[in-house]
Protein chains: 2
Amino acid sequence: MRWTPQRERALELLLRAGGPVKAYDLVATFQPGGQTAPPTVYRALDALVELGLAHRIASRNAYVACHRHDGEAHAASFLFCDCCDAVEEFEAPVGEVMAAIKARGGFQLRAMTLEAHGRCSRCQD
Amino acid sequence: MRWTPQRERALELLLRAGGPVKAYDLVATFQPGGQTAPPTVYRALDALVELGLAHRIASRNAYVACHRHDGEAHAASFLFCDCCDAVEEFEAPVGEVMAAIKARGGFQLRAMTLEAHGRCSRCQD
DNA sequence: ACAGTTATGTTATAATGTATCGCGTCCGCA
DNA sequence: TGCGGACGCGATACATTATAACATAACTGT
């Protein structure tokens, strides 16, 4: 797995956004002057996810830079407000869950995503 | 929220499948003799999810009937094999996680989905 | 009956994601 | 240093997934 300008560019855009970004937003902004084909962006994003530098937020069709830099496998956990579309990352205590998966045997865990949906404090009217 | 033939039909198909089903598979099989427009199916599925009778598996663009019939809010948890595409539902111990969300305050939890990716026992070669 | 809400049908289109093929580039190795 | 294989990128076309918008129908409470 190599480190390339495309991947650096994708990561740069994710970091600058500071939150979830849709693939086609990246497609639009990837090249300052022109158009980039979707496969280019998707490949870069897939690589970042593979490298552990970003997460895919499946329920939003979006990507976000990973805020942890220790390279350790961890659960990406998010709180979604179904009302105002806010997304907040948080550190979920998934020790029990990991233990349960290990205990059931036969499954080699690679990555875990936790998505909690509800209402943020501002939307509880 | 009413109980309607469309929603019953959708749930019936999900239950019969016994596993994740894609929306457009339902579109194809919804009406035995003819064609159903996508919005009809998506609306029925959205309603089932809203009613807690089904879950959406975001990372697979699929839906699955909820196997719990107590109507209690719970975490839908799945193990995905990235190699052979098998999906297994399991009961994740998310007590700690729920507690952590409650402890941080200001977020009213409605539903939680946990997706674990890795390799199933058959694919560890 | 009436008014308001909820559900459905229909058409078209938007948004998201991939297959494929060809070419270039990098890397290890003899 | 030349070769071979793996990896990465560009480009085109296409497949898949999901929704907007609008009109009509059905249910619900009063």
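In what follows, every chain begins at residue 1, and chains take the letters A, B, ... in the order their sequences are listed.
Applying the 4.0 Å criterion to OP1 and OP2 of D:dC9, one finds that A:Thr4 has a side-chain N or O inside that range. Between B:Arg43 and D:dA18 there is no side-chain N or O to OP1 or OP2 distance below 4.0 Å. Residue B:Thr40 places none of its side-chain N or O atoms closer than 4.0 Å to OP1 or OP2 of C:dT8. Regarding contacts with the backbone of C:dT5, every side-chain N or O of B:Arg2 stays at 4.0 angstrom or more from both OP1 and OP2.
How far CG of A:Leu13 is from CG of A:Asp25: 10.5 Å, rounded to the nearest 0.5 Å. A:Leu14 contributes atom CG, which lies 11.0 Å from atom SG of A:Cys66 (distance to the nearest 0.5 angstrom).
Between B:Phe80 and B:His117, the angle of the ring planes stays under 30°, which puts this pair in the parallel group of the 30/60° scheme.
Considering only heavy atoms from C-beta on, A:Val87 stays 4.5 Å or farther from A:Leu79 through its side chain.
As rounded to whole Å, 7 Å separates atom P of C:dG9 from atom CD of B:Gln31. Rounded to an integer number of Å, the gap from CD of B:Gln6 to C1' of D:dT24 is 15 Å. Atom C1' of nucleotide C:dT8 and atom CD of B:Gln35 are separated by 17 Å, given to the nearest angstrom. Rounded to an integer number of Å, the gap from CE of B:Met1 to P of C:dA7 is 6 Å. For the pair B:Leu45 CG and D:dT17 P, the computed distance is 13 Å after rounding to whole Å. Following rounding to the nearest Å, A:Glu50 (CD) and D:dC7 (C1') show an atom-to-atom distance of 13 Å. One interatomic measurement links the two molecules: CG of B:Leu26 to P of D:dT17, which rounds to 12 Å at whole-angstrom precision.
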Ignoring hydrogens and angles, write down the donor-acceptor pairs under 3.5 Å from the side chains of residues 43-61 of chain A, residues two or more places apart or on other chains.
from: A:His55; atom 1: NE2; to: A:His74; atom 2: NE2; distance (Å): 3.2
from: A:Ser59; atom 1: OG; to: A:Glu115; atom 2: OE1; distance (Å): 2.5
from: A:Arg60; atom 1: NH1; to: A:Asp85; atom 2: O; distance (Å): 3.3

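Closest non-hydrogen pair, B:Phe107 versus A:Gly118, comes out as CZ-N, 3.4 Å.
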Between the protein and nucleotides 16-19 of chain C, are there any N/O to N/O pairs under 3.5 Å, and if so, what are the atom names and distances?
from: C:dT16; atom 1: OP1; to: A:Lys22; atom 2: NZ; distance (Å): 2.4
from: C:dG17; atom 1: OP1; to: A:Arg56; atom 2: NH1; distance (Å): 3.1
from: C:dG17; atom 1: OP1; to: A:Arg56; atom 2: NH2; distance (Å): 3.1
from: C:dG17; atom 1: OP1; to: A:Asn61; atom 2: OD1; distance (Å): 3.3
from: C:dG17; atom 1: OP2; to: A:Tyr42; atom 2: OH; distance (Å): 2.9
from: C:dG17; atom 1: N7; to: A:Tyr24; atom 2: OH; distance (Å): 2.8
from: C:dG17; atom 1: O6; to: A:Tyr24; atom 2: OH; distance (Å): 3.4

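Checked for salt-bridge contact, A:Glu88 and B:Arg104 meet the test: a charged N lies under 4.0 Å from a carboxylate O.
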